[in-house]
Amino acid sequence: MFEMLADPTRFRIVEALAGGERAVGELVQAVAIDQSGVSRHLRILGEAGFVTMRPDGARRLYSLRPEPFQAIEDWVRSYRKLWEGRLDRFDAALARRQSEGKK
C-alpha cells in the first residue's frame, strides 16, 4: 500500500481524486504531467485496488476505492494505540517527577 503512495505522481493523483470522481484530462491538469503518464499511474493504482474506472460515453472517470484507505487507517490505528499508551505513561511519569520537584 505504502509503495503505491510513495511515488509522488501517484500521491498527487490520489490527492486529486480525494475531491471526487475525475476524468483523465482533469487529472492531467491537476498533476501537470502528460496523459500517457497519468494513464500509466492510473493503471498501476487500479491494479493495486486504489482506484476504479467508470466509463461515461467516450470518457473514463476515475475515483478512489475506500478499501485500501481503510486498511491504512486500521494499520495506523493499531500503532496509535501503542503510542498513546506509551505517551500516557510518559505523561504520568513526568507529572510525578514535576510534583516531586516541588516538594
Side-chain angles (χ1 to χ4, degrees):
M1 290 182 286
F2 295 108
E3 185 178 338
M4 287 297 114
L5 299 177
D7 180 271
T9 301
R10 285 194 290 271
F11 186 79
R12 288 195 320 264
I13 290 171
V14 167
E15 287 289 300
L17 289 172
E21 191 174 60
R22 292 200 177 199
V24 173
E26 295 172 293
L27 292 170
V28 167
Q29 292 176 353
V31 300
I33 64 169
D34 59 46
Q35 184 171 344
S36 65
V38 169
S39 294
R40 181 173 54 86
H41 286 291
L42 285 170
R43 181 182 49 78
I44 293 167
L45 287 166
E47 290 172 357
F50 279 86
V51 298
T52 186
M53 186 274 294
R54 178 179 68 84
D56 181 38
R59 299 183 330 153
R60 293 180 177 174
L61 300 174
Y62 290 86
S63 60
L64 296 176
R65 296 189 59 207
E67 295 87 1
F69 298 98
Q70 184 62 52
I72 292 170
E73 183 178 345
D74 293 344
W75 183 83
V76 168
R77 186 179 303 119
S78 71
Y79 283 92
R80 183 179 299 133
K81 289 177 186 176
L82 170 77
W83 281 105
E84 284 176 349
R86 288 181 180 180
L87 290 173
D88 288 345
R89 289 191 301 276
F90 177 71
D91 186 47
L94 185 59
R96 280 192 308 274
R97 185 171 255 181
Q98 287 175 342
S99 69
E100 289 170 1
K102 292 181 182 179
K103 292 180 182 179

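- When atom types are taken as modelled, the side chain of Glu26 and the backbone of Ala23 share a donor-acceptor pair closer than 3.5 angstrom.
- Under the 3.5 Å distance criterion, the side-chain polar atoms of Arg65 are left unmatched by any main-chain donor or acceptor of Val51.
- Put simply, CG on Leu42 and OG1 on Thr52 are 11.0 Å apart, with the number rounded to the nearest 0.5 Å.
- Counting heavy atoms from C-beta outward, Met53 and Leu61 have side chains that stay 4.5 Å or more apart.
- Atom CD of Glu3 has 12 or fewer neighbouring heavy atoms from other residues, nucleotides or ligands inside a 6.0 Å radius.
- Counting all heavy atoms, side chain and backbone alike, Ala16 lies closest to Ala30 at CB-CB, 3.9 Å.
- Atom CG of residue Leu27 and atom CG of residue Leu17 lie 5.0 Å apart, to the nearest 0.5 angstrom.
- Atom-to-atom distance recorded for Phe90:CZ and Trp83:CH2 is 11.0 Å, nearest 0.5 angstrom.
- The salt bridge (Lys or Arg N to Asp or Glu O under 4.0 Å) search around Asp34 returns none, not counting sequence neighbours.
- By the 4.5 Å heavy-atom criterion applied to side chains, Arg77 and Tyr79 are not counted as neighbours.
- Counting heavy atoms from C-beta on, the side chains of Ile44 and Met4 come closer than 4.5 Å.
- Here the CZ-CD1 distance, from Phe50 to Ile72, works out to 4.5 Å after rounding to the nearest 0.5 Å.
- Contact record, Ile33 with Val28: O-CG1, 3.2 Å, taken as the closest heavy-atom pair.
- Between the side chain of Arg12 and the main chain of Val31, a donor-acceptor pair closer than 3.5 Å is present.
- At a threshold of 4.5 Å between non-hydrogen side-chain atoms, the residues Tyr62 and Ile13 do not count as touching.
- When the side chains of ILVMFWY residues are joined at heavy-atom separations under 4.5 Å, either directly or via intervening members, Leu87 and Leu94 end up in two distinct hydrophobic clusters.
- Atoms NE2 and CZ, from His41 and Arg10 in turn, are 6.0 Å apart once rounded to the nearest 0.5 Å.
- Nearest heavy atoms, Ser39 versus Val24: OG-CG1, 4.1 Å.
- Expressed to the nearest 0.5 Å, how far CG of Asp56 lies from CD of Glu21 amounts to 7.5 Å.
- Looking at Arg96 and Glu100, no side-chain N of the basic residue comes within less than 4.0 Å of a carboxylate O on the acidic one, giving no salt bridge.
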